[in-house]
Amino acid sequence: MNKKVLMIMLIAAAQSLAQKFEGLALTPPMGWNTWNNFACNVDEALIRGAADAMVASGMRDAGYRYIVIDDCWHGTRDSLGFIHPDPVRFPSGMKALADYIHLKGLKFGIYSDAGWKTCGGRPGSRGHEYQDAMQYAAWEVDYLKYDWCNTEGLNAEGAYMTMREALRAAGRPIVFSLCEWGNNKPWLWAKDIGHLWRTTGDIAALFDGFVDHGTWKSWGVLMILDMQEGLRVYAGPDHWNDPDMMEVGNGMTESEDRAHFSMWCMLAAPLMAGNDLAKMTEKTRRILTNREVIAVDQDPLGIQGFKQHVRDSVETWFKPLSSGEWAVCFLNRSKKEAAISWDWAANPVSDDHSGRSIRFDAEKFKLWDLWTGKKAATTKKPFRTKIASHDVRMLRLTPEK
Ligand code: GLA
């Protein structure tokens, strides 16, 4: 082989190492994560029960795949530095748990941290990135959420790149979820590093307002939504803005859960349920498995929606969908019911980011109400309806020939 060919091969090999596993998240990842409801109370029975419930509830068939164990699954590192799960909480080991999850047609996710310790004080991956990636691959992990606690002095882009390269070297395709809270604007640099990146600090199970924990705050649904301003241009297939895992079923009202879920779908957000799947109510189950609404999130174009209009406390959001369709969501942020009359013809839409526009005076669309499942007239007449406090009306617009 001549030198030139060898050089080209070496460069190609180095480049393929320096890339994330592509194509693992062409639509926003869907699954379940332990943190929002269980925090550090995780063990293998809980995880197996969640996998069972994901299947029995119809969530798997609606598209949910990943069962992710967040913080606190860890035991200690052995004398060689390899991490092991907590032997009391996970006596059968992670490979057995992965097998259980895989046999159900689901995928297995795990959590670590770029720093010395996780947020929950368990061993972090700092200095053990390649070893941890090898261990996860051996356990047949499919998804890694990688947190940002205890990283003082580290460069975020570099730290996440190191783990990307470690995963790549370990050889198993693993979705890489960056959890850096938006501190270093990951939307500017993480596209080739991970498949999704958190844009904010932690969500809380409340609709409006925030929770003050003293040294940090967690944010209600509306505050997280407002923090997404300006970020939609950075997201797309295989690289998503992540406004955090869902709080559906964790104590908000049914309206609030519906609005939260709808808005996450308008944002093309990863849909990671965060409730107790084994004990969820039928109302929660129906929200999480509404296929029409999920289809808006999972639309193959992967274009994040945008706020088109605000009047009083009602926001009107649009999301371009494939085949010339659109999703529209009216969000009532107020504590009171709102009556709306939306005159399509008077409100043309033009979206620079997607290059899509609608002139309702020249085009006609059928309207489908995605929460009632009914046809709701066409765009030839103003759309008049009442929206309960903290609720939505969500429509799919289908061009009428
Ligand atoms: C951080 C993350 C959360 C969760 C906890 C675990 O706060 O943002 O999503 O992973 O750590 O300790």
Side-chain angles (χ1 to χ4, degrees), residues 28-43 46-47 50 66-75 83 85-86 89-90 108-126 132 136 141 143-152 154 156 159-160 163 174-187 190 194-206 210-221 223-225 227-228 231 240-251 260 264 267 269-276:
M30 296 174 66
W32 172 80
N33 175 300
T34 49
W35 185 255
N36 284 354
N37 194 61
F38 297 97
C40 274
N41 290 318
V42 291
D43 59 35
L46 171 77
I47 305 304
Y66 296 96
I67 296 279
V68 183
I69 316 177
D70 206 283
D71 207 349
C72 304
W73 57 266
H74 319 67
I83 187 75
D86 181 320
R89 292 176 177 270
F90 295 90
F108 178 41
I110 212 164
Y111 159 102
S112 189
D113 187 291
W116 305 101
K117 284 186 173 173
T118 70
C119 299
R122 305 310 197 270
S125 289
R126 178 73 178 146
D132 284 355
Y136 304 154
V141 165
Y143 182 109
L144 173 66
K145 171 175 169 184
Y146 204 50
D147 214 340
W148 191 239
C149 276
N150 307 301
T151 53
E152 288 72 19
L154 285 188
Y160 282 97
M163 192 40 126
I174 290 183
V175 172
F176 192 27
S177 157
L178 280 63
C179 179
E180 172 276 359
W181 320 310
N183 287 7
N184 299 277
K185 300 191 166 61
W187 45 88
H195 303 88
L196 59 158
W197 51 78
R198 281 273 296 278
T199 53
T200 70
D202 288 5
I203 194 169
L206 89 165
F210 60 90
V211 180
D212 195 341
H213 304 269
T215 52
W216 62 288
K217 296 183 178 68
S218 53
W219 312 102
V221 167
M223 293 197 86
I224 297 240
L225 181 65
M227 292 177 204
Q228 309 310 309
L231 300 186
W240 307 101
N241 287 318
D242 175 7
D244 206 358
M245 306 169 297
M246 297 187 288
E247 293 282 14
V248 175
N250 282 346
H260 169 27
W264 260 229
L267 292 172
L271 297 180
M272 303 300 284
N275 58 316
D276 185 347

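One-based numbering, in listed order, for ligands and for the atoms of each. Given the structure is predicted, the values throughout are model-derived calculations rather than measurements.
In this structure, the protein non-hydrogen atom closest to atom 2 (C) of ligand 1 is Asp147 OD2, 3.3 Å. Scanning all protein heavy atoms for the shortest distance to atom 7 (O) of ligand 1 gives Asp202 OD2, 2.7 Å. Of all protein heavy atoms, the one closest to atom 5 (C) of ligand 1 is Trp35 CE2, 3.5 Å. Regarding atom 10 (O) of ligand 1, its nearest protein heavy-atom neighbour is Asp70 OD1, 2.6 Å. Among all non-hydrogen protein atoms, the one lying nearest atom 12 (O) of ligand 1 is Asp71 OD2, 2.8 Å. Atom 9 (O) of ligand 1 has its closest protein heavy atom at Lys145 NZ, 2.7 Å.
Taking a cut-off of under 4.0 Å to the non-hydrogen atoms of Arg198, the atoms of ligand 1 that pass are 8 (O), 9 (O). Within ligand 1, counting atoms from 1 as listed, the ones closer than 4.0 Å to a heavy atom of Trp181 are 2 (C), 8 (O). Ligand-side atoms of ligand 1 in range of Cys179: 2 (C), 8 (O), range being under 4.0 angstrom from any heavy atom. Of all atoms in ligand 1, numbered sequentially from 1 with element shown, those under 4.0 Å from a heavy atom of Cys119 are 1 (C), 11 (O), 12 (O).
Taking the six-membered ring for Trp and thresholds of 30 and 60 degrees, Tyr146 and Tyr160 have ring planes more than 60 degrees apart, a perpendicular arrangement. The aromatic rings of Tyr111 and His74 sit perpendicular to each other, their planes meeting at more than 60°, with 30° as the lower class boundary.
In this structure a side-chain-to-backbone donor-acceptor pair under 3.5 Å is present from Asn150 to Lys117. Judged by distance alone, the side chain of Thr118 and the main-chain N or O of Arg122 form a donor-acceptor pair under 3.5 Å.
At a 4.0 Å heavy-atom cut-off, ligand 1 does not touch Thr118 at all. No part of Ala39 comes within 4.0 Å of ligand 1, judged by heavy-atom distances.
Applying the side chain to side chain donor-acceptor pair (under 3.5 Å) test to Asp132 and every residue at least two apart in sequence or in another chain returns Arg77, Ser125.
A side chain to side chain contact (heavy atoms under 4.5 Å, CB included) with Met245 is found for exactly one of Val68, Asn37, Asn275, Asp70, namely Asp70.
Checking Asp86 against Trp73 by side-chain atom types alone, no donor-acceptor pair falls below 3.5 Å.
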